[in-house]
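Here's the structure we're looking at; comments come further down.
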2 protein chains.
Amino acid sequence: MTEHYPEEDRIFELLQALNKGICPKFERCAGISPTRLRLLNELFQVDEVSQITLQKGMDIDAAAVTRHLKGMEESGTITRRNNPADNRVTLVSLTDQGRERMIQYSEEKRRFVATLLTGFNGQERTVLIDMLNRLQSNINLL
Amino acid sequence: MTEHYPEEDRIFELLQALNKGICPKFERCAGISPTRLRLLNELFQVDEVSQITLQKGMDIDAAAVTRHLKGMEESGTITRRNNPADNRVTLVSLTDQGRERMIQYSEEKRRFVATLLTGFNGQERTVLIDMLNRLQSNINLL
DNA sequence: ATATATTAGTTGACGGGTCAATGATTATCA
DNA sequence: TGATAATCATTGACCCGTCAACTAATATAT
């Protein structure tokens with residue numbers, strides 16, 4: 001036991017500050033929130049998905065998905081319809097506009113992430129990924 | 001240019017997932033939100049601070065501070081009074097209860113962070129801090 | 001065949017953050 | 001001195017997430 005509280009605390013603070021910094025900046029740069037872009041990404045890779053399938057691929061709850069999709073429907077990036085084979089489920093798909101926007105957003109994201117990782121060489125990136133994965137695992141133990 | 005989009009994206013996703021994981025777990029384990037504990041921490045190190053000073057030390061805005069303090073006042077961990085020398089400012093201080101609780105919360109936090117960093121030796125922690133700092137700097141460029 | 005359970009989605013209330021507008025107080029300066 | 005500006009705190013409206021309650025539809029089991 002070597003008494004490194006300050007160092008541990010520093011990491012904790014940094015992780016929080018980082019998250020707090022990243023999301024708003026991303027939204028400002030890319031013109032869309034990370035979550036919505038992830039939704040678009042999922043939708044981009046299929047023709048049509050049920051809302052529940054979509055939701056399970058994200059780490060947000062069903063209510064949040066409903067509200068995002070409602071907003072995205074109003075802004076014309078997606079469409080929704082009932083599944084005739086099962087009236088509980090609603091099927092979601094990207095509009096053509098949605099596909100176009102998704103491509104532009106992705107480009108913005110690529111730029112954003114490139115800037116975020118400025119100065120990190122390949123090996124450092126690998127180390128970082130490894131460490132973040134380990135932190136994630138440690139959290140899951142709680 | 002070596003085309004490492006997936007790796008870059010992975011880091012971006014991991015950072016977000018991590019934040020989303022840490023906060024709720026922390027709150028469940030420690031019994032208080034990270035932000036409120038940081039408020040308590042600031043207050044712990046002084047007799048009395050003006051709300052504005054307190055706010056500037058945190059990375060949240062004045063409205064959020066007002067609401068947190070209001071809640072903490074009701075739950076008896078802090079008290080507030082007007083500064084007689086300047087009626088715009090309100091002075092905040094921890095109650096005795098608040099100091100006691102703060103100590104307990106800190107212990108929970110210590111445990112939490114220790115678990116979070118399980119498996120990280122001293123050198124790795126240093127590397128991690130360095131990397132997180134660099135990410136933070138990169139964000140600030142945007 | 002019907003009662004019961006499960007599933008999908010929506011809504012409302014809440015916590016935690018933002019921004020913008022407001023009120024009250026104090027500073028500034030012409 | 002008296003108008004104007006700056007400062008501190010609060011409030012309201014919004015975004016984004018949670019959970020819990022509810023509806024509607026389908027599955028299950030007796």
Side-chain angles (χ1 to χ4, degrees), chain A residues 16-40 48-75 78-93, chain B residues 15-40 48-75 77-93:
Chain A
Q16 290 188 252
L18 214 47
N19 267 43
K20 255 203 106 202
I22 286 180
C23 279
K25 291 272 184 176
F26 180 85
E27 194 151 357
R28 211 172 51 71
C29 292
I32 193 175
S33 78
T35 297
R36 287 213 177 178
L37 185 48
R38 282 194 310 124
L39 275 168
L40 290 183
E48 208 172 29
V49 215
S50 71
Q51 203 163 310
I52 183 73
T53 304
L54 192 54
Q55 186 248 310
K56 282 181 179 156
M58 315 268 309
D59 55 342
I60 56 178
D61 89 338
V65 170
T66 292
R67 284 161 190 144
H68 278 300
L69 293 182
K70 200 184 295 185
M72 293 160 75
E73 193 173 26
E74 279 168 12
S75 68
I78 65 159
T79 43
R80 293 194 293 169
R81 67 184 185 100
N82 273 10
N83 183 349
D86 182 343
N87 273 301
R88 288 170 303 184
V89 349
T90 90
L91 298 171
V92 189
S93 57
Chain B
L15 283 171
Q16 291 190 252
L18 214 46
N19 267 45
K20 256 204 103 202
I22 286 181
C23 280
K25 290 273 184 175
F26 180 85
E27 193 151 356
R28 210 171 52 69
C29 292
I32 193 174
S33 78
T35 297
R36 288 212 175 178
L37 184 47
R38 281 194 311 123
L39 276 168
L40 290 184
E48 209 174 27
V49 214
S50 72
Q51 204 163 309
I52 184 71
T53 304
L54 193 53
Q55 185 248 310
K56 283 180 179 153
M58 315 270 307
D59 55 342
I60 58 178
D61 88 338
V65 170
T66 291
R67 284 161 188 143
H68 277 300
L69 293 182
K70 199 184 294 184
M72 291 160 73
E73 194 172 27
E74 279 169 12
S75 69
T77 62
I78 65 159
T79 43
R80 292 193 293 169
R81 67 185 184 101
N82 273 9
N83 183 348
D86 182 344
N87 273 302
R88 288 172 302 184
V89 349
T90 89
L91 298 171
V92 189
S93 57

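Values in this document were obtained by computation on a predicted structure and should not be read as measured data. Every chain is numbered from 1, with letters handed out A, B, ... down the list of sequences. Note: hydrogens, waters and symmetry copies are ignored here, and every other heavy atom, side chains too, is used.
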Check your understanding: Can you list the steps and then say if B:Arg81 with B:Ser93 is a side chain to side chain contact (heavy atoms under 4.5 Å, CB included)?
Key -> CA-CA 9 Å; B:Arg81 67 185 184 101; B:Ser93 57; over 6 Å; no
Check your understanding: Can you check whether B:Pro34 reaches B:Cys23 side chain to side chain, under 4.5 Å on heavy atoms?
Key -> yes
Point to revise | Distance in angstrom units between B:Glu27 CD and D:dG17 P, rounded | key: 17 Å
Point to revise | Nucleotide D:dC15, atom C1' - distance to CZ of B:Arg67 in whole Å | key: 13 Å
Review point. Could you state the NZ-P distance from B:Lys20 to D:dC16, rounded to the nearest angstrom?
Key: 13 Å
Point to revise | Proximal nucleotide (of D:dT11, D:dC16, D:dG17) relative to the A:His68 side chain | key: D:dG17
Check your understanding: Should B:Thr66 be listed as having a side-chain N or O under 4.0 Å from OP1 or OP2 of D:dA9?
Key -> no
**Study point:** Verdict with supporting geometry, A:Arg38 and A:Asp59, side chain to side chain contact (heavy atoms under 4.5 Å, CB included)
**Key:** CA-CA 10 Å; A:Arg38 282 194 310 124; A:Asp59 55 342; 2.7 Å; yes
Exercise for review: Could you check A:Leu69 against B:Ala85 and say which one's nearest nucleotide on DNA chain C is further toward the 5' end?
Suggested key: A:Leu69
Check your understanding: Which is it for A:Lys20 and B:Ile60 under the side chain to side chain contact (heavy atoms under 4.5 Å, CB included) test, yes or no, and what are the steps along the way?
Key -> CA-CA 10 Å; A:Lys20 255 203 106 202; B:Ile60 58 178; 3.5 Å; yes
Review point. Between B:Thr35 and C:dG17, does any side-chain N or O lie under 4.0 Å from OP1 or OP2?
Key: yes
Exercise for review: Figure out the CE/P separation between B:Met72 and C:dG15, and round it to whole Å.
Suggested key: 15 Å
**Study point:** Interatomic distance where CG belongs to A:Asn83 and C1' belongs to C:dT7 [whole Å]
**Key:** 13 Å
Point to revise | Rounded interatomic separation in angstrom, taking CG from B:Asn82 and P from C:dT25 | key: 9 Å
Review point. Mapping B:Ala63 and A:Arg88 to their closest nucleotides on DNA chain D, which lands nearer the 5' end?
Key: B:Ala63
Review point. Is there a donor N/O on one and an acceptor N/O on the other, under 3.5 Å, for the side chain of B:Arg38 and the base of C:dG16?
Key: no
Check your understanding: So does A:Arg80 get a side-chain nitrogen or oxygen closer than 4.0 Å to the phosphate oxygens (OP1/OP2) of C:dG9?
Key -> no
Review point. Rounding to a whole Å, what distance do you find between B:Lys70:NZ and C:dG16:P?
Key: 14 Å
Check your understanding: To the nearest 0.5 Å, how far apart are CD in A:Glu48 and CD1 in A:Ile78?
Key -> 11.0 Å
Exercise for review: Please work out which residues in residues 51-62 of chain B have a non-hydrogen atom less than 4.0 Å from an atom of DNA chain C and list them by number.
Suggested key: B:Asp59, B:Ile60, B:Asp61
**Study point:** Side-chain N or O of A:Ser33 closer than 4.0 Å to phosphate OP1/OP2 of D:dC15
**Key:** no
Exercise for review: Indicate the atoms forming the closest heavy-atom contact of B:Arg36 with B:Arg67, along with that distance.
Suggested key: NH2-O, 4.4 Å
Practice item. Establish, with yes or no, whether the OP1 or OP2 oxygen of D:dA24 is under 4.0 angstrom from a side-chain nitrogen or oxygen of A:Asn87. Key: no
Review point. Quick one: is A:Arg28 getting a side-chain N or O under 4.0 Å of the C:dT18 phosphate, OP1 or OP2?
Key: no
Review point. Could you give the distance from CD1 (B:Ile32) to CG (B:Leu40), rounded to the nearest 0.5 Å?
Key: 4.5 Å
